[in-house]
Amino acid sequence: MSAQLELILYADDMAGHGSFRNWARITLLLYEALEENSGLTLSKDLIRWVLSRVDPTTRHIPQRR
């Protein structure tokens, strides 16, 4: 699985902050979500959902398209 640079930068700006520990948690949660739900794709919405799990004060509000 590869990610678009835009999504990597977004995740880093929102929670990664260049920290290995933060990135390890984000990566694990993304991997588990994608593994358990074959219909999901890597997107900003999925990243926001993961960030709401990393930091409970982060809200996950799905974007409408």
Side-chain angles (χ1 to χ4, degrees):
M1 172 173 65
S2 64
Q4 298 173 351
L5 180 58
E6 175 189 353
L7 295 177
I8 293 169
L9 294 174
Y10 176 76
D12 194 50
D13 285 345
M14 298 302 290
H17 310 300
S19 165
F20 179 77
R21 179 173 287 160
N22 291 349
W23 272 107
R25 181 118 192 256
I26 292 166
T27 303
L28 176 64
L29 291 170
L30 283 171
Y31 179 81
E32 288 175 347
L34 291 167
E35 180 93 353
E36 293 172 7
N37 302 286
S38 61
L40 290 179
T41 58
L42 187 59
S43 65
K44 279 189 178 180
D45 192 44
L46 181 58
I47 291 171
R48 278 192 295 276
W49 176 82
V50 164
L51 298 180
S52 73
R53 299 306 181 263
V54 171
D55 177 4
T57 64
T58 302
R59 293 184 188 186
H60 171 248
I61 302 170
Q63 287 187 340
R64 298 189 189 270
R65 295 177 188 200

Note to self: If you apply the rule side-chain contact (heavy atoms from CB on, under 4.5 Å), what do you find for V50 with Y31, and how did you get there?
What the structure shows: CA-CA 10 Å; V50 164; Y31 179 81; over 6 Å; no
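By the 4.5 Å heavy-atom criterion applied to side chains, K44 and E6 are counted as neighbours.
A distance of 10.5 Å separates CG in L51 from CZ in R25, rounded to the nearest 0.5 Å. With values rounded to the nearest 0.5 angstrom, I8 atom CD1 is found 12.0 Å from D13 atom CG.
Between the side chain of S52 and the main chain of W49, a donor-acceptor pair closer than 3.5 Å is present.
Hydrophobic clustering of Ile, Leu, Val, Met, Phe, Trp and Tyr side chains at less than 4.5 Å, counting indirect connections, keeps L9 apart from L30. Put simply, L28 and L7 are part of two different groups of oily side chains (I, L, V, M, F, W, Y) that touch within less than 4.5 Å, one to the next.
When all heavy atoms of L46 and A33 are compared, the closest pair comes out as CD1-CB, 4.1 Å. Of all non-hydrogen atoms in A15 and N22, the two that sit nearest each other are O-ND2, 3.0 Å.
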